[in-house]
Number of protein chains: 2
Amino acid sequence: MKTIEEFLESKNIRVTAMRLLIYKFLAEKQVAVTLSDIENAFEKADRTTLYRTIKTFEEKEIVHQIDDGTGITKYTLCEKGCNCEIETDLHLHFHCNNCNETICLTEHKIPQIKVPDGFVSENVNLVVKGICDKCSGQ
Amino acid sequence: MKTIEEFLESKNIRVTAMRLLIYKFLAEKQVAVTLSDIENAFEKADRTTLYRTIKTFEEKEIVHQIDDGTGITKYTLCEKGCNCEIETDLHLHFHCNNCNETICLTEHKIPQIKVPDGFVSENVNLVVKGICDKCSGQ
DNA sequence: TAACCAATGCAATGGAAGTGCATTTATTGT
DNA sequence: ACAATAAATGCACTTCCATTGCATTGGTTA
């Protein structure tokens, strides 16, 4: 069990207080968060810092974006089984129309999508919308 | 073969010159268009009018939105086989990373997506990114 | 023809993404 | 330990798209 500091360093991310806080914030969230979510959680921090921190995390591949169709970019930590650095990885995300939360179903694989002749598939974004387990009362 | 006027009226959309022009513009486009695309095509028209016209078309279900991950909403005419008013319809869209165009592959059905227990799927948005047939040279 | 309602146009707002630059903080070499 | 260097942070600003309020135009109907 590595510490967060060691983990960040292993990814060539310089450890700062702010980055540790943002990482912990993302880690304890079970859902994808927007920049504003992070902003609200750390009122002292500047929006730009958060923006660039997330961007750094993305480049170092410990965070990936989710476009769930709400028009606002969301972010979530990459987990085991999340090969988001691989172009052909299929991102399956679920957006709850009730609580408005978006989660990453990394363990839930779906079949390869076929495209018509002449088309070359490089990347697939799949967002399922509906009611999540918490809101459906199960 | 109904005229456009008759078609719009059958959908309870009042026919105006502007609406006819916008409808024709959408009809002759083979790809999904942004508001700005329409704006550029009709320099005389106000952006608001275009925006509200598209919104009316959406409400009357002759146009549907596409979120292809570029961050800019695109629109396209619903066609035969496009049951976008049905919640469970699977929207398959293809976004070309080369020419940046997005098309609606309505004839291309894909299998039902399964979600974990407790989750209720109401709607699926699937965007495949890659190289389109024109750009792949086939 | 007057009254009404929808469509249009203008102006302005809001939210999110992104950038330039100065400042602070951390790292490296001597 | 200290100077030189590079990265991280904070502030201000810009841009782009989506959206709304309000006044005006235009078409329908009684």
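Computed from a prediction, not measured in an experiment: that's the story for all the values here.
Not less than 6.0 angstrom separates the ring centroid of A:Tyr75 from the ring centroid of A:Phe57.
Salt bridge present: A:Arg47 and A:Glu39 bring a charged side-chain N and a carboxylate O closer than 4.0 Å.
Across the protein-nucleic acid pair, A:Leu35 atom CG and C:dG18 atom P stand 9 Å apart, rounded to whole Å. For A:Glu39 and D:dC11, the CD to C1' distance is 13 Å, given to the nearest whole Å. For B:Tyr75 and D:dT19, the OH to C1' distance is 11 Å, given to the nearest whole Å. At whole-Å resolution of the value, CD in A:Glu59 and C1' in D:dA8 are 14 Å apart. Straight-line distance from the CG atom of A:Leu20 to the P atom of D:dA8: 13 Å, rounded to whole Å. Computed from coordinates, the B:Lys44 NZ to D:dT25 C1' distance equals 18 Å when rounded to whole Å. In this structure, B:Ile72 places its CD1 atom 16 Å from P of D:dT15, rounding to the nearest Å. At whole-Å resolution of the value, CD in A:Gln65 and P in C:dG18 are 8 Å apart.
In this structure, B:Thr34 reaches neither bases nor backbone, as no heavy-atom distance under 4.0 Å exists between it and the strands shown. Counting non-hydrogen atoms under 4.0 angstrom, B:Thr73 reaches the backbone sugars and phosphates but no base. In this structure, B:Lys55 reaches the sugar-phosphate backbone alone: every heavy-atom distance under 4.0 Å involves primed, P, OP1 or OP2 atoms, never a base. Backbone-only engagement by A:Thr16 is indicated by non-hydrogen atom pairs under 4.0 Å involving sugar-phosphate atoms exclusively.
Aromatic ring orientation, A:Phe7 versus A:Tyr23: tilted (interplanar angle from 30° to 60°).
When B:Val63, B:Ile66, B:Val31 are each tested for a side chain to side chain contact (heavy atoms under 4.5 Å, CB included) with B:Thr76, only one passes: B:Ile66.
Where B:Arg14 and B:Asp46 meet DNA chain C, the nucleotide closest to each residue was compared, and B:Arg14 sits on the side nearer the 5' end. Along DNA chain C, the nucleotide nearest to A:Arg47 and the one nearest to A:Arg52 differ in position, and the one closer to the 5' end is contacted by A:Arg47. Along DNA chain D, the nucleotide nearest B:Ser36 and the nucleotide nearest A:Ala17 are compared for position; the residue whose nucleotide lies closer to the 5' end is A:Ala17.
Between A:Tyr51 and C:dG18 there is a side-chain N or O to OP1 or OP2 distance below 4.0 Å. The side chain of B:Thr48 contributes no N or O atom lying less than 4.0 Å from OP1 or OP2 of C:dT8.
The backbone N or O of B:Ser36 lies less than 3.5 Å from a partner atom in the side chain of B:Asn40, making a donor-acceptor pair.
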